[in-house]
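Have a look at the structure below, then the notes.
Side chains included, hydrogens not; waters and symmetry mates left out as well; all remaining heavy atoms used.
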Amino acid sequence: MISERGFDDFREDLEDAERRVSREIDPGARALVVAILVFVLLASFLLPHTGSARGLDVLIGGDAAVRENVALPSRVFVWLVLVFGIGFSMLALLTRRWALAWVAAAGSAVACPIGMLAVWSRQTVTEPYPGPSYGLVVAWLAIILLTFHWIRVVWARTAVQLAAEEQRRRRVAEQQRKGLLDEPDDTPPSAGS
């Protein structure tokens, strides 16, 4: 027979395991989709983004990017793709950490409108400069899809975490309520009573 103290120790171990699990994600089949999209984003750095400027030229501000008059939105977009779409996505997939998946989702979500602005800014340049090329469009579409899949992974995890946290809060509130009812009232009576 397990004593009450032994059960409390067991419950603490269960709560620790629950907290550990709540910090992790399980993307399931989406992990493969996310990995493919990260690979597509990596490949987009080798494709032309505008004229003869490849994504890598835009990233580092190379001579080709200067010749093609690449604007700030394109540069910001490729950096967001590199940091969040590739970097944090790979870290989140490798470590299965929920917080890293959130950062990847949030950064990728910011990259989506910046990508639209990058494509639009290439469409509105004057005649001697070329418009957007397929590498920029591929990167933009890939980051949109990546954002969708990361949000699905993180959102599914959020529902589980919220339920576990709510249950934990109820237990703590119940313990505090019992503790307050059991404690003697040590406050002296007021002078006016």
Same cluster for [X] and [Y] if Ile/Leu/Val/Met/Phe/Trp/Tyr side chains link at under 4.5 Å?
X: Leu80; Y: Leu42; value: yes
X: Val110; Y: Val34; value: yes
X: Leu47; Y: Val58; value: no
X: Val40; Y: Val38; value: no
X: Leu41; Y: Met116; value: yes

Closest heavy-atom pair and its distance - [X], [Y]:
X: Phe77; Y: Gly115; answer: CD1-CA, 3.2 Å
X: Arg122; Y: Ala71; answer: NH1-N, 4.2 Å
X: Val70; Y: Ala53; answer: CG2-CB, 4.5 Å

Donor-acceptor pairs under 3.5 angstrom involving side-chain atoms of residues 136-149: please list them, not counting sequence neighbours.
from, atom 1, to, atom 2, distance (Å)
Trp140, NE1, Cys112, O, 3.0
Thr147, OG1, Ser108, O, 3.1
Thr147, OG1, Ile143, O, 2.7
His149, ND1, Arg30, NH1, 2.7

Within this structure, what is the [atom1]-[atom2] distance for the pair [X] and [Y], rounded to the nearest 0.5 Å?
X: Phe45; Y: Leu56; atom1: CZ; atom2: CG; answer: 7.5 Å
X: Leu37; Y: Ser44; atom1: CG; atom2: OG; answer: 11.0 Å
X: Ile60; Y: Trp79; atom1: CD1; atom2: CH2; answer: 9.5 Å

For Ser133, is there any backbone N or O sitting under 3.5 Å from a side-chain donor or acceptor partner on Thr50? no
Would the distance check show the side chain of Gln123 and the main-chain N or O of Pro132 forming a donor-acceptor pair, the cut-off being under 3.5 Å? no
Taking C-beta and beyond as the side chain, do Val78 and His49 meet within less than 4.5 Å on heavy atoms? yes
Side chain to side chain, Arg170 and Glu174, heavy atoms closer than 4.5 Å: no
Do any side-chain atoms of residues 82-94 form donor-acceptor pairs under 3.5 angstrom with protein atoms, and if so which ones, sequence neighbours left out?
from, atom 1, to, atom 2, distance (Å)
Ser89, OG, Phe84, O, 3.3
Ser89, OG, Gly85, O, 2.9
Ser89, OG, Trp150, NE1, 2.8

The salt bridge (charged side-chain N to carboxylate O under 4.0 Å, His left out) partners of Arg54 (sequence neighbours excluded) come to Asp57
Classify the angle between the aromatic ring planes of Trp102 and Trp98 as parallel (below 30°), tilted (30 to 60°) or perpendicular (above 60°). perpendicular
